[in-house]
There are 2 protein chains.
Amino acid sequence: MKSSAARAVPPGTPNEVRVGNLDNIDRAILARLQRDARMPNNAIAAEVGIAPSTCLARIRSLHTRGIIRGFYADVDPTATGRGLQALISVRIHSHARPELGQFRDYLASLPSVESIFFVSGDRDFLVHVAVADSAALRALVAENLSLRPEVAGTNTSVIFEYVRPDSRS
Amino acid sequence: MKSSAARAVPPGTPNEVRVGNLDNIDRAILARLQRDARMPNNAIAAEVGIAPSTCLARIRSLHTRGIIRGFYADVDPTATGRGLQALISVRIHSHARPELGQFRDYLASLPSVESIFFVSGDRDFLVHVAVADSAALRALVAENLSLRPEVAGTNTSVIFEYVRPDSRS
DNA sequence: GTTGAAAAACAGCGCTA
DNA sequence: TAGCGCTGTTTTTCAAC
């Protein structure tokens with residue numbers, strides 16, 4: 001039989017090339033799901049060259065094993081009235097270091113927070129936020145960050161543009 | 001009839017509260033899709049209180065209008081052999097500023113690049129990358145960034161932890 | 001915006017290699 | 001054990017209202 005879709009893997013490639021229990025078919029599935037999480041199981045199966053039932057089982061296994069963390073829609077923040085994005089670097093007082101995890105959870109609970117980077121170097125956290133306008137940004141920094149006892153200082157940069165390379169479904 | 005799911009919108013809320021042509025039902029749909037892009041259209045429709053076909057039409061409209069930019073799966077970088085994440089701040093030479101967009105496209109084309117922030121302040125770009133190990137990181141910075149004529153300098157911070165608050169599907 | 005029916009996709013099961 | 005085809009069930013899709 002001849003598949004109508006392009007093969008997932010070049011013919012000569014050995015299938016034992018695995019990283020962390022993933023074979024090439026798994027990787028082919030992941031690549032497609034990363035580009036379009038709503039791609040039908042049928043279509044994925046056809047493209048990677050396995051039966052739909054097998055494909056479904058693999059996807060579920062990937063999800064269960066935590067290799068796929070979740071499926072998300074990428075929503076334009078401007079449309080939801082959060083047209084201003086910023087990166088706020090936050091320094092934490094050295095005596096508050098033990099509660100770093102707690103502070104991260106606090107950050108994650110703020111509705112304006114898009115993502116949090118816990119980084120090495122002179123700053124501790126880099127927080128990506130999306131807010132309505134500069135007044136909201138000021139309020140966020142002043143009230144929700146600077147006032148916190150753990151926070152030694154903040155530094156805010158406005159984001160002119162934010163690009164996620166593989167957002168194209 | 002009595003809906004088994006919580007209503008999308010509190011009973012008294014006026015539906016004309018819109019931001020950018022979105023009504024409350026649109027916002028309810030977006031909220032669900034942001035948490036779980038694979039949630040069945042049926043279930044979304046039931047939760048926001050409209051018929052499945054209407055819900056589908058709304059979702060498609062949101063996608064067409066660019067309010068939903070795409071649907072993607074969040075894949076654990078560790079599982080795909082990219083266990084090291086970093087934030088690289090890049091300064092661009094002032095004379096190369098006109099080609100900033102071009103450089104951004106170049107960054108987006110690099111397979112290690114997860115996202116790009118084009119920011120105000122002392123640095124121009126902040127690039128979030130995921131690579132296999134420190135050797136790969138060094139190679140990336142040295143060969144793909146520092147060697148570029150537009151690049152005035154780079155500064156690399158290792159990411160110890162990266163959190164996306166609404167990762168929960 | 002809704003209803004309802006046709007088409008498609010999903011999810012489970014036993015069989016095969 | 002992993003993959004496959006088959007089948008009932010759910011979901012999507014598109015018409016008319």
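No hydrogens, no waters, no symmetry mates; every other heavy atom, side chains included, goes into these values. Because the structure is a prediction, the values reported are computed rather than measured. Here is how names work: the chains are called A, B, and so on, in the same order as the sequence lines, proteins then strands, and each is numbered from 1.
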A/Arg32 and A/Glu47 ion-paired at < 4.0 Å: yes

Under 4.0 Å protein heavy-atom contacts per nucleotide of nucleotides 10-17 of chain D, with B for base, S for backbone only and - for none: -SBSB---

Rounded to whole angstrom units, what separation is found between the CD1 atom of A/Ile50 and the P atom of D/dT1? 19 Å

Answer yes or no: does a side-chain N or O of A/Thr54 lie under 4.0 Å from OP1 or OP2 of D/dA2? no

Rounded to the nearest angstrom, tell me the gap between atom CD1 in A/Ile59 and atom P in D/dA2. 17 Å

To the nearest angstrom, the CD1-P distance between A/Ile44 and D/dG3 comes to 15 Å

The remaining residues in the hydrophobic cluster of B/Leu87, counting side-chain heavy-atom contacts under 4.5 Å among Ile, Leu, Val, Met, Phe, Trp and Tyr, are A/Leu87, A/Phe117, A/Val119, A/Leu126, A/Ile159, A/Tyr162, B/Phe117, B/Val119, B/Leu126, B/Ile159, B/Tyr162

Indicate yes or no: does B/Arg91 engage B/Asp124 in a salt bridge with an N to O separation below 4.0 Å. no

Taking it one step at a time, do A/Ser89 and A/Phe125 satisfy side chain to side chain contact (heavy atoms under 4.5 Å, CB included)? CA-CA 6 Å; A/Ser89 71; A/Phe125 286 107; over 6 Å; no

Assess, by modelled atom type and distance only, whether the side chains of A/Arg65 and A/Ser61 contain a donor and an acceptor separated by less than 3.5 Å. yes

Could A/Arg58 and A/Asp23 be called an ion pair, given the rule that one side-chain N must be under 4.0 Å from one carboxylate O? yes

Gap between atoms CG and C1', on A/Asn21 and D/dA2 respectively (whole Å): 14 Å

Can you measure from NE2 (A/His128) to OG (B/Ser115) and round to the nearest 0.5 angstrom? 8.5 Å

Phosphate oxygens OP1/OP2 of D/dA2: is one of them under 4.0 Å from a side-chain N or O of A/Arg58? no

State, to the nearest 10°, the angle formed by the axis through the first five base pairs of the helix from C/dG1-D/dC17 to C/dA17-D/dT1 and the axis through its last five. 30°

How would you label the contact of B/Ala51 with the nucleic acid (heavy atoms, under 4.0 Å): base, sugar-phosphate, or nothing? base

Whole angstrom is fine here: how far is it from CD1 in B/Ile29 over to C1' in C/dG1? 13 Å

Judged by atom type as modelled, is there a donor-acceptor pair below 3.5 Å linking the side chain of A/Ser120 to the main-chain atoms of B/Val158? yes

Quick test of your reading of the model: are A/Glu114 and A/Arg82 salt-bridged, counting only N-O distances below 4.0 Å? yes

